[in-house]
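The structure under discussion appears below in the form of structure tokens.
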Amino acid sequence: MPEQKKGLARMLKSLGERLPMDKFDFKHLVMEKEVPVHKMSWAYYLGGLTLFFFLVQVVTGIFLLFYYEPTVSDAHASVEFITRYVKNGFFIRNLHAWASSCMILCLMAHAITTFAMKAFARPREIIWSSGALLLLLGFTFGFTGYLLPWHQIAVNATKVMLQSIDRSGQYLPGVLAGVPHYLTQLIQGGPMIGQATLSRFYALHVVILPLLVAGILGLHLLAVQLHGMSQGTDKPTGKSEKFFPFFILKDLIVWGVAFFIIFIIASCLPFESFSPFPLFQPFNALGATPEGIKPEWYFYFTYYPLELLPFWLVMIGLTATGVVLFLTPRIFKNTSRPMLAVIAWLITAYLVIITLFGSFIYALVKGGHP
Amino acid sequence: MPVDPKEDVDREERRVFLKAFGGIGAALFLLSMGTFEKIFGFFLKQDLTRDQEEHILSEKIQRLEQTAHEKKLELERLDKDYILVASLDSLSPVKGIYFIDYLMRPAMAFCDDDGFPIVLSAKCTHLGCTVGNIVDDKGDILCPCHMSRFSIKTGAPVPGSPAKAPLPFLGWAIIDKNKNILLTQDPHGKRQGITDMDKLSGSSLYVLKKYSEEA
Ligand code: HEM
Ligand code: FES
């Protein structure tokens, strides 16, 4: 008995250290929070910027809900109606598309910079792992949202993605081999991609994911406020500034500039203008897969390896990345900041190269598209 | 006199604070002008011309009809033992006709040099894209996703394709207007019935439920 009690006490103490609720008061949260000033200080804005783009998504998403119709017969036409006939509908939809990409970009930059600054170290494990969940949810947002306009490219890309999941079963041993197929059926909701899939993605995209993100983000931000900002550097400058009101005002300035830029981009630059495809046709179940289907740019880091390398290798790589992501506070516990910075640069270099030059590399290795 | 770093930051903070206040004030003004104009327009009733309204409605009806058609095919799959692919005369050796088989997978039908149907799955054995229906001069069809080529005569992938397994053949039947089954072929190519092409013309090609249950 006493042994068990001790174990419980230790667990609670460890939780208390990670989530010090005794600091949940005006003094700690508002009056005393300070943000260190040093070479990497700019990275302290990235989380806030991600939050800003997330808020833009919530607002523009609610707008779109007033006209969007989640059925296979009407989805494409309703999106077309928004862009062609609704006043400023083009702008709102474009804003939603651009801000989604900006959100994912900031999300990745935020994860990489907090990694380099060793902001995951004890006692900030909860901040890191809630962040890692938010990263996965961010990608899921993109994946589910992509399907909603029900056009040729999106439906076919989703189809291929689901089939890749299905196929990974053949590399798993024993009982596990059936899991990916089961999972695919669960996501797809039927023998082929159709209304059931659209309804599921819709429910995920507009209700389940936002609620999940709101909850986990709440925990993330609460823990950040309770712990204050991490030092982020090996050589503290000794300088810092008050979070309230100075840093938060600077945060708002950054948000204002971001809004200004994205407002202008969304007013005059259609999101699709960077895609290699002309205006997307509605999905047609009776027809060949169109040439050159691709996911959104932020999936290129797995898409091109999938195209170029053996399937099982990519699966192992992805699984390993996921494990390392969630175990980062443990694995890199004793790694020095300069070493973390090197790793962060390598990750950044990989992401930039594969995202910008993936299709070029593909052409070099295989010849021709995609 | 060296400046105390703390004081330096303080002065910097004060400057930022004032600038930010001005900036936010101006931004709020612009926002209320620009954004609200956009917001209200978005929710107002959209005024469309008669032409636009006609265009929207006819497009909507067309897509509803297409969906209804697809649903009908699905229903047919449930309660019929065979489903229509196409009339025998409409089959072509160079351009396949797509249809959805009993397992809800895409498939397509061609005709062979001797006029008999070739019916095979159109779901690429690589990652499941729908294979194209145009036959090239070597007698192959192409999956556009990663450039797998398949021979329509054997279903086998051309060496070097990312796909390694052949496209499976489907069993089929030729049925005349009076619902008489004239000829069947199982997925392994075994035929039963009338094999005189002249006597078959004017009939139609169907796929059979019993063959997809075997598969
Ligand atoms: C929807 C997604 C996210 C939002 C809105 C968000 C928001 C924020 C905000 C506002 C902060 C405080 C300011 C800052 O340091 O930038 C923060 C801190 C932090 N975030 Fe996130 N975050 C998100 C995702 C992530 C991800 C994906 C990770 C990493 C896997 C992560 C890890 C961290 C860490 C470690 C801190 C503490 C930084 C420090 O103490 O110096 N966050 N987040
Ligand atoms: S899916 Fe057909 S070649 Fe890859």
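Here is how names work: the chains are called A, B, and so on, in the same order as the sequence lines, proteins then strands, and each is numbered from 1.
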Chain A contact via B:I100 - which portion, at a heavy-atom distance below 4.5 Å: both

I'd like to check B:R105 versus A:M192 (side-chain heavy atoms, cut-off strictly below 4.5 Å). Are they in contact? no

Below 6.0 angstrom between ring centroids: does that apply to A:F91 and B:F42? no

Any chance you could measure B:I56, atom CD1, to A:F81, atom CZ, to the nearest 0.5 Å? 5.0 Å

Indicate yes or no: at least one non-hydrogen side-chain atom of B:I24 is less than 4.5 angstrom from one of A:I253. no

How many angstroms lie between atom NE2 of B:H146 and atom CG of A:L306, to the nearest 0.5 angstrom? 8.0 Å

Do you know which of B:N133, B:T67, B:T130 has the most heavy-atom pairs under 4.5 Å to chain A? B:T130

Side chain to side chain contact (heavy atoms under 4.5 Å, CB included) between B:K19 and A:K250, intermediate numbers included: CA-CA 10 Å; B:K19 259 200 281 184; A:K250 285 193 191 171; over 6 Å; no

Side-chain heavy-atom pair A:H76, B:E59 within 4.5 angstrom cut-off: no

When the 4.5 angstrom heavy-atom criterion is applied to B:L44 and chain A, the contacting part is backbone

If you tally heavy-atom pairs under 4.5 Å between each of A:D166, A:N156, A:I92, A:I82 and chain B, the highest tally belongs to A:I92

Would one find more than 12 heavy atoms of other residues, nucleotides or ligands at under 6.0 Å from atom CZ of A:F66? no

Among the options B:F17, B:F99, B:F21, pick out the one with the most heavy-atom pairs lying under 4.5 Å from chain A. B:F17

Drop me the distance from B:D47's CG to A:K87's NZ, to the nearest 0.5 angstrom. 5.5 Å

Between A:F246 and B:R14, the two heavy atoms sitting closest are CE2-N, 4.2 Å

Residues from residues 118-129 of chain B approaching chain A under 4.5 Å (heavy atoms): B:K123, B:H126, B:L127, B:G128, B:C129

Count the heavy atoms belonging to other residues, nucleotides or ligands that lie under 6.0 Å from NZ of B:K95, then report whether that count exceeds 12. no

Which atoms of A:D74 come close to chain B, meaning under 4.5 Å heavy atom to heavy atom: side chain ones, backbone ones, both, or neither? side chain

Pairing of B:K60 and A:E69 as salt bridge, 4.0 angstrom limit: yes

Flag, side chain of B:Y98 to backbone of A:A288, donor-acceptor distance under 3.5 Å: yes

If you take all heavy atoms of A:N88 and B:G41, which pair is closest and at what distance? ND2-CA, 4.4 Å

Under 4.5 Å to a heavy atom of chain B? For A:Y67 that would be side chain

Heavy-atom donor-acceptor pair, A:S73 side chain to B:R63 backbone, under 3.5 Å: no

